[in-house]
Enquirer: 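My structure is below; once you've seen it, I'll send some questions.
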Amino acid sequence: MSRIEVRGLWKSYGERVVLERIDLTIEPGSLVAIVGASGCGKSTFLRILLGVERPSRGRVLLDGAPLPPEPGPDRGIVFQRYTVFPHLTVLDNALLGLELRASRVFGRLFGARRRRARERAAAMLARVGLAEALDALPHELSGGMQQRLALAQALLAEPRVLLLDEPFGALDPGSRGEAQALLLELWEERGTTVILVTHDLPEAFRLGTRVLVFDRVRRDPHAPERYGATVTYDLPGHNRARSPRAPAAERASPRGGPP
Ligand SMILES: Nc1ncnc2c1ncn2[C@@H]1O[C@H](COP(=O)(O)OP(=O)(O)OP(=O)(O)O)[C@@H](O)[C@H]1O
Ligand SMILES: [Mg+2]
């Protein structure tokens with residue numbers, strides 16, 4: 001659980017202003033859904049939170065401290081189409097997240113630590129319904145299974161903030177419903193702060209404790225690149241499963257320690 005504060009954030013690429021004047025406080029443990037027209041800067045905003053993109057102006061604080069200028073294990077991300085390693089099995093793909101986290105220099109775990117990591121990875125994969133697929137290769141999985149693998153991999157690193165960029169966009173309605181339910185379950189259980197970008201308004205309200213709409217408020221017809229999008233609506237979502245401000249003792253604590 002982490003509080004994210006965004007203060008006076010602007011992002012431009014050259015002359016093109018993508019985001020402007022974004023001021024937000026995201027409460028620990030909330031599930032914030034972001035919607036907005038294609039190209040309005042939602043993914044850019046997530047990349048800034050992830051630390052792979054720097055704001056042009058303003059700053060982002062994670063629990064009161066400036067965001068480190070590179071992605072770290074405190075932030076996990078799942079994209080619409082996740083790029084798992086095609087030559088690694090499901091279990092090895094899941095283990096990779098743990099290995100990178102545990103040993104950032106060497107990227108491998110050895111001995112007892114590796115055994116414990118395998119057990120944790122296998123347990124998480126079972127949790128997302130992939131118990132029967134540990135030895136499968138990613139191309140042998142359906143789209144829904146690949147997204148569940150991606151979710152498992154991101155959650156195994158126990159990020160303080162989980163960033164989801166249209167994670168269910170490519171799924172059929174059935175798998176999408178299942179993946180949404182799974183996300184809600186894991187979010188409630190772990191209390192992770194989740195930021196979810198989606199194009200689906202009902203999904204945003206169903207899953208979000210809060211829904212943010214990104215849009216441009218200023219337009220210059222002669223220079224469309226001059227103004228960027230900002231938060232135009234900040235609405236309560238229908239997800240009342242867990243109040244973001246509830247005392248920590250009322251929530252389930254994250255399971256397991258570091259590998
Ligand atoms: N690295 C980059 N260099 C230059 N322009 C960029 C870069 N990344 C994004 N942009 C521009 O920033 C704008 C916002 O892009 P972004 O991908 O954040 O939009 P989005 O809201 O995620 O759109 P979508 O809903 O289609 O995914 C676009 O006009 C895009 O062309
Ligand atoms: Mg995008």
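Atoms considered below: every heavy atom in the structure, side chains included; atoms not considered: hydrogens, waters and symmetry mates. Note that the coordinates shown come from a computational prediction; the quantities given were computed from them, not determined experimentally.
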Enquirer: Any salt bridge linking Arg226 with Glu15? Criterion: basic side-chain nitrogen under 4.0 Å from a carboxylate oxygen.
Expert: no
Enquirer: Less than 4.5 Å apart, side chain to side chain, heavy atoms only: is that true for Thr25 and Glu27?
Expert: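 Thr25 vs Glu27: side chains touch.
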Enquirer: Looking at Thr193 and Ser2, would you say the former's side chain and the latter's main chain have a donor-acceptor pair under 3.5 Å?
Expert: yes
Enquirer: Examine distances only and state if a side-chain atom of Arg120 and a backbone atom of Leu156 form a donor-acceptor pair shorter than 3.5 Å.
Expert: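 Yes; judged by distance alone, with no hydrogens or angles, the pair exists.
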Enquirer: Taking the side chain as every heavy atom from C-beta outward, state whether Leu164 and Val194 have any pair of such atoms under 4.5 Å apart.
Expert: yes
Enquirer: Atom CG in Leu24, atom CG in Leu212: separation rounded to 0.5 Å?
Expert: 5.5 Å
Enquirer: Using the rule that two of Ile, Leu, Val, Met, Phe, Trp, Tyr join whenever any of their side-chain heavy atoms come within less than 4.5 Å, decide whether Leu91 and Leu137 are in one cluster.
Expert: no
Enquirer: If I compare all heavy atoms of Ala154 with all of Pro159, which pair ends up nearest, and what's the gap?
Expert: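 Looking at all heavy atoms of both residues, the shortest contact is O-CD, 3.2 Å.
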Enquirer: When you check the gap from the basic side-chain N to the acidic O, do Asp220 and Arg216 get nearer than 4.0 Å?
Expert: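 No salt bridge links Asp220 with Arg216.
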Enquirer: Testing Leu19, Thr230, Thr232 one by one against Phe214 for a side-chain contact (heavy atoms from CB on, under 4.5 Å), which residue passes?
Expert: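 Passing option: Leu19.
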Enquirer: Salt bridge between Glu53 and Arg47, side-chain N to carboxylate O under 4.0 Å?
Expert: yes
Enquirer: Go through the structure and list residues passing salt bridge (charged side-chain N to carboxylate O under 4.0 Å, His left out) with Arg176, not counting sequence neighbours.
Expert: Glu203
Enquirer: Any side-chain to backbone donor/acceptor pair from Ser30 onto Val32? Under 3.5 Å, distance only.
Expert: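 No.
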Enquirer: Taking atom types as modelled, find out whether Asp165 and Ser43 have a side-chain donor-acceptor pair closer than 3.5 angstrom.
Expert: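 Side-chain D/A pair, Asp165 to Ser43: present.
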Enquirer: Does this structure show an ion pair linking Asp200 with Arg206, if we count only N-O contacts that are shorter than 4.0 Å?
Expert: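 No salt bridge links Asp200 with Arg206.
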Enquirer: Salt bridge or not for Arg127 and Glu189, using N-O below 4.0 Å?
Expert: yes
Enquirer: Determine the minimum heavy-atom distance between Asn93 and Pro138, stating which atoms define it.
Expert: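 In this case the closest contact between Asn93 and Pro138 is ND2-CG, 3.6 Å.
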Enquirer: Below 4.5 Å, heavy atoms only, C-beta onward: do Pro167 and Leu196 meet side chain to side chain?
Expert: yes
Enquirer: Quick one: OG1 on Thr198 to CD1 on Ile34, what's the gap to the nearest 0.5 Å?
Expert: 11.0 Å
Enquirer: Quick one: does any side-chain atom of Thr89 pair with a main-chain N or O of Ala136 as donor and acceptor, under 3.5 Å?
Expert: no
Enquirer: Would you confirm whether Gln147, through its side chain, and Phe168, through its main-chain N or O, come within 3.5 Å as a donor-acceptor pair?
Expert: no
Enquirer: Under a 3.5 Å distance rule, please check whether Asp63 uses its side chain to pair with a backbone N or O of Arg3 as donor and acceptor.
Expert: yes
Enquirer: Do the side chain of Thr192 and the main chain of Arg160 share a donor and acceptor less than 3.5 angstrom apart?
Expert: no
Enquirer: Please determine if Glu5 and Arg7 form a salt bridge, counting it only when a charged side-chain N lies under 4.0 Å from a carboxylate O.
Expert: yes
Enquirer: Is it the case that more than 12 heavy atoms not belonging to Arg59 sit under 6.0 Å from its CZ atom?
Expert: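 No.
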Enquirer: Which hydrophobic side chains are connected to Val211, either touching it within the sub-4.5 Å cutoff or through other members that do?
Expert: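 Val35, Leu201, Phe205, Val213, Tyr233, Leu235, which link up through side-chain heavy atoms under 4.5 Å apart, make up the rest of the cluster.
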Enquirer: Are any of the side-chain heavy atoms of Lys11 and Val17 separated by less than 4.5 Å?
Expert: no
Enquirer: Does any N or O in the side chain of Trp10 come within less than 3.5 Å of the main-chain N or O of Val18, such that one atom is a donor and the other an acceptor?
Expert: no
Enquirer: What is the minimum heavy-atom distance between Ser56 and Ser12, and which atoms define it?
Expert: OG-N, 2.8 Å
Enquirer: Please tell me if the side chains of Leu163 and Val161 come closer than 4.5 Å, counting only heavy atoms from C-beta onward.
Expert: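 Yes, at least one pair of side-chain atoms sits under 4.5 Å.
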Enquirer: Would you say the side chain of Leu151 lies within less than 4.5 Å of the side chain of Leu162, judging by non-hydrogen atoms?
Expert: yes
Enquirer: Between Asn239 and Gly208, is there a donor-acceptor pair closer than 3.5 Å when you use the side chain of the first and the backbone of the second?
Expert: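 Looks like no, no N/O pair under 3.5 Å.
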Enquirer: Go through Arg54 and Val60 one step at a time and tell me if the side chain to side chain contact (heavy atoms under 4.5 Å, CB included) criterion holds.
Expert: CA-CA 10 Å; Arg54 305 283 289 162; Val60 180; over 6 Å; no
Enquirer: Would you mind reporting whether Leu182 and Arg148 have side-chain heavy atoms less than 4.5 Å apart?
Expert: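 Yes, close enough: below the 4.5 Å cut-off.
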Enquirer: Is the shortest heavy-atom distance from the side chain of Glu140 to the side chain of Met145 under 4.5 Å?
Expert: no
Enquirer: Distance from Tyr227 atom OH to Arg16 atom CZ, nearest 0.5 Å?
Expert: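 Interatomic distance, Tyr227 OH to Arg16 CZ, rounded to 0.5 Å: 14.5 Å.
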